[in-house]
Amino acid sequence: MGLSETLSNHSSFMTNFLIQCGGYAVIDGGLATELERHGADLHDPLWSAKCLVSSPHLIRRVHLDYLEAGANIIISASYQATLQGFEAKGLSKEEGEELLERSVKIACEARDIYNERSTKSSWDVSEDEMTPKSRPILVAASVGSYGAYLADGSEYSGIYGDDVCLETLKDFHRRRVQVLANSGADIIAFETIPNKLEADAYSELLEEEAINIPAWFSFTSNDGINVVGGDSIQDCASIADSCEQVVGVGINCTPPRYIHGLIQSIQKGTAKPILVYPNSGETYDADTKKWMPSNGVGDVDFVSYVGKWRDAGASLIGGCCRTTPNTIRAIAKAL
């Protein structure tokens, strides 16, 4: 298949997937907090990626929990998995690449297990109705921002310093994106993008490397107007809009109260499908590496927003940090 044919397929990829899902798709929820709930210790610069080395079975279990809850998209445990980060832990480049591939393989295994179980019991009898359990499921390979690798909270500020330029970011992400694009994932999820510079880097990288699977760009905001680095969300959405490989644009790891307005701003920069997967509304403290209870919302409150987000134009909805399979189950029901 030629590149132009691949790209024309990209443009219909998300549309077709959403049609298969019935118009709206459910993204999974928080990974790290669920891993901790299952007993993983994530006090480590690798964060959830540490489990790729120490406890891949826990990652598989969390993916399965989200599939059982109704997710149509599960996101791999590669957000914090970088070749540079693995190297700092004493792993070789080859070992690091193998771990990146493993993150996607684990998610694909979880999907296979879920599909096999669904085939055996092909009808799901809930309190009020019977529904077929089999449904379209995508595996998204997560790419966290440069700030996530620094593990200093700068993905929540977007301030990388004057010595980090476009080429720095492209060089940092290049090999990782190549490996994930060839890992068996259906789509690459560029997540928690804090500034326009990194969106530009991803966009150029996808084109330079002729990446042959689709991608989505998901930004983060702490004021409901701009991305955390201060750039306009509309400008950031326009960058995503101009990149042919990008099939969805949205927001993650942002308090639920800001999402409605951000959807409206994104629509001014792109007509591509919009995805939202906010956090629970709590605040992350980069110094203590802990989530601070501020005005977080419970599952019921979180889900009360879902109809408004859908009506505003979001067609893929899930949760980020501190959301759980219960959150996702409620979102799936609401949609």
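Computation of the quantities below employed the complete heavy-atom set of this structure, encompassing side-chain atoms and omitting hydrogens, waters and symmetry-equivalent molecules.
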*Asks:* Is any NZ, NE, NH1 or NH2 atom of the basic residue among Glu208 and Arg174 found under 4.0 Å from an Asp or Glu carboxylate oxygen of the other?
*Replies:*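 Yes, charged N to carboxylate O under 4.0 Å.
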*Asks:* Spell out, as yes or no, whether a donor-acceptor pair under 3.5 Å connects the side chain of Arg60 to the backbone of Glu109.
*Replies:*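 Not confirmed, Arg60 side chain does not pair with Glu109 backbone.
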*Asks:* Is a side-chain N or O of Asn252 found less than 3.5 angstrom from the main chain of Thr192, in a donor-acceptor match?
*Replies:*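 Yes; judged by distance alone, with no hydrogens or angles, the pair exists.
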*Asks:* Hey, do the aromatic rings of Tyr305 and His260 have their centres closer than 6.0 Å?
*Replies:*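 No: the rings miss the under 6.0 Å criterion.
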*Asks:* Tell me yes or no: between the side chains of His38 and Asp65, is some donor less than 3.5 Å from an acceptor?
*Replies:*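 Judged by distance alone, the side chains do pair up.
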*Asks:* Could you please spell out the steps behind the salt bridge (charged side-chain N to carboxylate O under 4.0 Å, His left out) verdict for Arg61 and Glu34?
*Replies:* CA-CA 10 Å; Arg61 180 171 171 182; Glu34 281 301 293; over 6 Å; no
*Asks:* How about Trp309 and Phe302: are their ring centroids closer than 6.0 Å?
*Replies:*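 When the ring centroids of Trp309 and Phe302 are compared, they turn out to be within the sub-6.0 Å range.
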*Asks:* Closer than 4.0 angstrom, basic N to acidic O: yes or no for Asp112 and Arg117?
*Replies:*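 No, this pair does not count.
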*Asks:* Using modelled atom types and a 3.5 Å cut-off, is there a donor and acceptor pairing between side-chain atoms of Asn182 and backbone atoms of Gln178?
*Replies:*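 The answer is yes, because a donor-acceptor pair under 3.5 Å joins these two groups.
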*Asks:* Check Arg176 with Glu97, please: is the shortest side-chain N to carboxylate O separation under 4.0 Å?
*Replies:*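 No, Glu97 and Arg176 are not salt-bridged.
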*Asks:* Whether Asp311 and Lys308 form a salt bridge (side-chain N of Lys/Arg under 4.0 Å from carboxylate O of Asp/Glu) is what I want to check.
*Replies:*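 Here Lys308 does not pair with Asp311 in a salt bridge, since their nearest N and O are not under 4.0 Å apart.
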*Asks:* Kindly give the heavy-atom pair with the smallest separation between Ser315 and Pro273, and that separation in Å.
*Replies:*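 Of all heavy-atom pairs spanning Ser315 and Pro273, the closest is OG-CB, 3.8 Å.
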*Asks:* Are more than 12 heavy atoms from other residues, nucleotides or ligands located less than 6.0 Å from atom CD of Glu87?
*Replies:*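 Counting other residues, nucleotides and ligands, CD of Glu87 stays at 12 neighbours or fewer.
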*Asks:* Hey, is the main chain of Leu58 close enough, under 3.5 Å, to the side chain of Ser55 for a donor-acceptor pair?
*Replies:*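 No; zero donor-acceptor contacts below 3.5 Å.
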*Asks:* Can any side-chain N or O of Asp28 pair as donor or acceptor with the backbone N or O of Ile75 at less than 3.5 Å?
*Replies:*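 Yes: the side chain of Asp28 pairs with the backbone of Ile75.
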*Asks:* Of Tyr146, Tyr79, Tyr149, Tyr160, which meets side-chain hydrogen bond (donor to acceptor under 3.5 Å, both in side chains) against Glu155?
*Replies:*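 Passing option: Tyr79.
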